[in-house]
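Following this message is one structure expressed as structure tokens.
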Number of protein chains: 2
Amino acid sequence: MTEQDLKSLNQPGAPERLLDAAVALFTRKGYHATSVREICETAGVTKPVLYYHYRNKEGVFQAMMGLAVAAHREVLAQVRAADGSAADRILLLCERVMALVLEHPDIVRVIDSVYYGPREGSPALDFESLYGEFDGFLSELVQEGVRRGEFRGDDVEATHLALLGAFLICKASLHINPATAHGCHERPMGLGDLRRVIGTVLDGVRAARAGGKEEQR
Amino acid sequence: MTEQDLKSLNQPGAPERLLDAAVALFTRKGYHATSVREICETAGVTKPVLYYHYRNKEGVFQAMMGLAVAAHREVLAQVRAADGSAADRILLLCERVMALVLEHPDIVRVIDSVYYGPREGSPALDFESLYGEFDGFLSELVQEGVRRGEFRGDDVEATHLALLGAFLICKASLHINPATAHGCHERPMGLGDLRRVIGTVLDGVRAARAGGKEEQR
DNA sequence: GTCTATACAATGATAGAC
DNA sequence: GTCTATCATTGTATAGAC
């Protein structure tokens with residue numbers, strides 16, 4: 001191990017420190033309310049250092065997004081390679097993405113706050129690479145389940161949305177403010193909760209073995 | 001009709017114009033990024049007028065919240081007074097609240113952006129009076145359904161969360177950015193879509209008449 | 001209730017030396 | 001790559017006249 005490697009392990013360089021500082025501040029104060037000055041002070045560097053490594057404040061945000069998109073893509077690829085029933089794979093997809101979310105709650109909070117935030121003045125967000133790919137894959141899996149006769153096929157879109165909602169409600173628990181926790185979101189949700197909620201929805205769309213509606217195929 | 005009434009109908013006073021301008025700007029640019037200067041210019045008044053009628057920028061936001069909470073409370077009271085099966089009342093609750101949401105998309109967008117936004121620097125938000133009361137009522141209705149034998153009672157919390165998720169995913173379509181629409185959210189959802197998604201979840205938790213698990217009662 | 005005028009801190013960003 | 005010094009701009013908020 002060279003001296004260079006050792007240094008980069010124990011003492012992250014300015015770019016890494018800037019990115020960490022930015023994520024922490026974006027989470028706490030939001031993208032707009034976080035000033036370049038604060039990011040630099042937290043990272044222990046001066047402003048021109050930020051403008052040198054990243055183009056500007058949005059550059060820091062986009063660097064963070066790049067990491068998130070890459071990690072998300074990797075998870076999707078893993079699930080695509082897995083086999084099993086449609087229900088198994090839907091559960092696997094949701095679990096894996098949720099695990100990623102729970103691993104990086106700050107980054108997800110920042111991304112969500114931009115997603116649900118205003119359009120003007122916010123950094124560009126590569127929706128398609130995040131929610132879009134997840135959505136699309138989930139939709140494919142539902143259709144596959146219908147083709148295989150696993151699921152009822154009377155309203156594929158509603159099934160897709162109900163599953164997405166189940167995932168969303170668990171992810172939303174990341175945004176709980178402990179000071180004002182309420183109702184269903186008195187505690188953050190874990191993977192176990194996700195499994196139960198997804199399972200409840202899947203139970204409803206499973207093709208009944210005896211009786212019940214049956215269609216196409 | 002007095003001259004005063006006529007005036008207030010055709011030419012809303014400074015407070016109303018300020019509130020309308022603020023909601024529009026908060027929606028487009030976000031709470032933090034909207035300046036007092038802009039609100040006043042849009043409303044056609046000068047800054048001291050805003051500081052006179054509302055205490056400051058947050059005062060304008062809280063005035064908007066007050067209207068939203070009042071309207072929401074009224075809807076909940078109407079549904080509480082209604083009768084029917086638990087499933088009927090759950091559907092009614094979701095439909096009525098969704099109708100309110102669709103009536104005031106801008107206000108909901110602003111509230112959501114604060115809910116999902118950062119904690120520091122954001123205006124205080126009376127969660128309990130909005131999501132909290134809705135959550136609590138929905139939970140009561142699910143429990144009522146189990147007591148009556150309408151629903152399976154093996155996982156009341158998961159049922160509650162699945163229903164909440166179904167509502168959430170429909171509401172989330174308000175945040176679609178037409179420029180970057182993706183997957184399931186290519187079009188905004190309407191009341192018909194909500195009914196289908198809620199219906200799909202309800203189908204899954206309904207106590208089977210013949211076969212299937214049956215419990216407590 | 002509404003105005004003009006202003007105080008004063010903080011912002012994103014850069015020039016130019018080292 | 002990193003620094004010091006500085007820029008123009010915008011932010012919230014108020015004093016005091018009418």
Side-chain angles (χ1 to χ4, degrees), chain A residues 3-5 7-8 10-26 28-64 110 114 117-118 120-124, chain B residues 2-8 10-64 110 113-114 117-118 120-124:
Chain A
E3 199 164 337
Q4 178 62 33
D5 288 338
K7 183 183 169 194
S8 67
N10 296 333
Q11 297 180 347
E16 292 79 14
R17 290 207 312 279
L18 279 166
L19 217 150
D20 287 348
V23 171
L25 287 166
F26 289 163
R28 264 181 38 216
K29 317 187 48 165
Y31 175 79
H32 193 94
T34 298
S35 70
V36 171
R37 196 188 308 266
E38 281 172 308
I39 298 175
C40 295
E41 277 171 8
T42 306
V45 301
T46 53
K47 281 191 284 180
V49 178
L50 183 148
Y51 286 98
Y52 176 82
H53 288 286
Y54 305 94
R55 229 173 64 91
N56 49 25
K57 190 165 84 163
E58 173 150 359
V60 183
F61 178 86
Q62 296 301 347
M64 181 202 76
V110 173
V114 172
E120 290 178 23
S122 294
Chain B
T2 69
E3 200 165 335
Q4 178 62 32
D5 289 337
L6 202 65
K7 183 183 171 196
S8 67
N10 296 333
Q11 297 180 346
E16 291 80 14
R17 290 208 312 278
L18 280 166
L19 216 149
D20 287 347
V23 170
L25 287 165
F26 289 163
T27 305
R28 265 183 35 217
K29 320 187 48 165
Y31 175 80
H32 194 95
T34 297
S35 70
V36 171
R37 198 190 307 266
E38 282 172 308
I39 299 174
C40 295
E41 277 171 8
T42 306
V45 301
T46 54
K47 283 186 279 181
V49 177
L50 182 148
Y51 286 98
Y52 175 82
H53 288 285
Y54 304 94
R55 230 174 63 91
N56 49 25
K57 190 165 83 165
E58 173 150 0
V60 183
F61 178 87
Q62 296 302 346
M64 181 201 74
V110 173
S113 75
V114 171
E120 289 178 25
S122 294

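Each chain gets a letter, A, B and so on, in the order its sequence line appears, and its residues count up from 1. Bear in mind that the values here come from a model prediction, so they are computed numbers and not experimental data.
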query = 5'-most contact on DNA chain C: Thr34(A) or Pro15(B), nearest heavy atom basis?
reply = Pro15(B)
query = Rounded to the Å, how far apart are Glu58(B) CD and dT12(D) C1'?
reply = 14 Å
request  = Determine: side-chain N/O of Arg37(B) to OP1/OP2 of dT10(D), distance under 4.0 Å, yes or no.
outcome  = no
key: Residues in contact with DNA chain D, drawn from residues 38-52 of chain B - heavy-atom cutoff 4.0 Å   = Lys47(B), Pro48(B), Tyr51(B)
ask   = Which value, rounded to the nearest 0.5 Å, describes the distance between Thr27(B) atom OG1 and Glu120(A) atom CD?
value = 11.0 Å
inquiry  = Could you report the tightest heavy-atom contact between Gln62(B) and Pro123(B), atom names first, then the distance?
reply    = NE2-CB, 4.2 Å
ask   = From Ile39(A) CD1 over to Leu50(A) CG, what is the distance, rounded to the nearest 0.5 angstrom?
value = 6.0 Å
message = Please find the pair of heavy atoms, one from Ser113(B) and one from Gly117(A), that lie closest to each other, and give the distance.
response = CB-CA, 3.9 Å
task = Could you list where the contact with chain A starts and ends along DNA chain C, reading 5' to 3', using a 4.0 Å heavy-atom cut-off?
result = dT11(C) to dA15(C)
query = Is the shortest heavy-atom distance from the side chain of Val60(B) to the side chain of Met64(B) under 4.5 Å?
reply = no
task = Under the side-chain contact (heavy atoms from CB on, under 4.5 Å) rule, what do Val45(A) and Cys40(A) come out as? Steps first, then yes or no, please.
result = CA-CA 5 Å; Val45(A) 301; Cys40(A) 295; 4.2 Å; yes
key: Parallel, tilted or perpendicular: ring planes of Phe26(B) versus Tyr31(B), cut at 30 and 60 degrees   = tilted
request  = Looking only at non-hydrogen atoms, find the nearest pair between Val110(B) and Val23(B) and report the distance.
outcome  = CG2-O, 4.1 Å
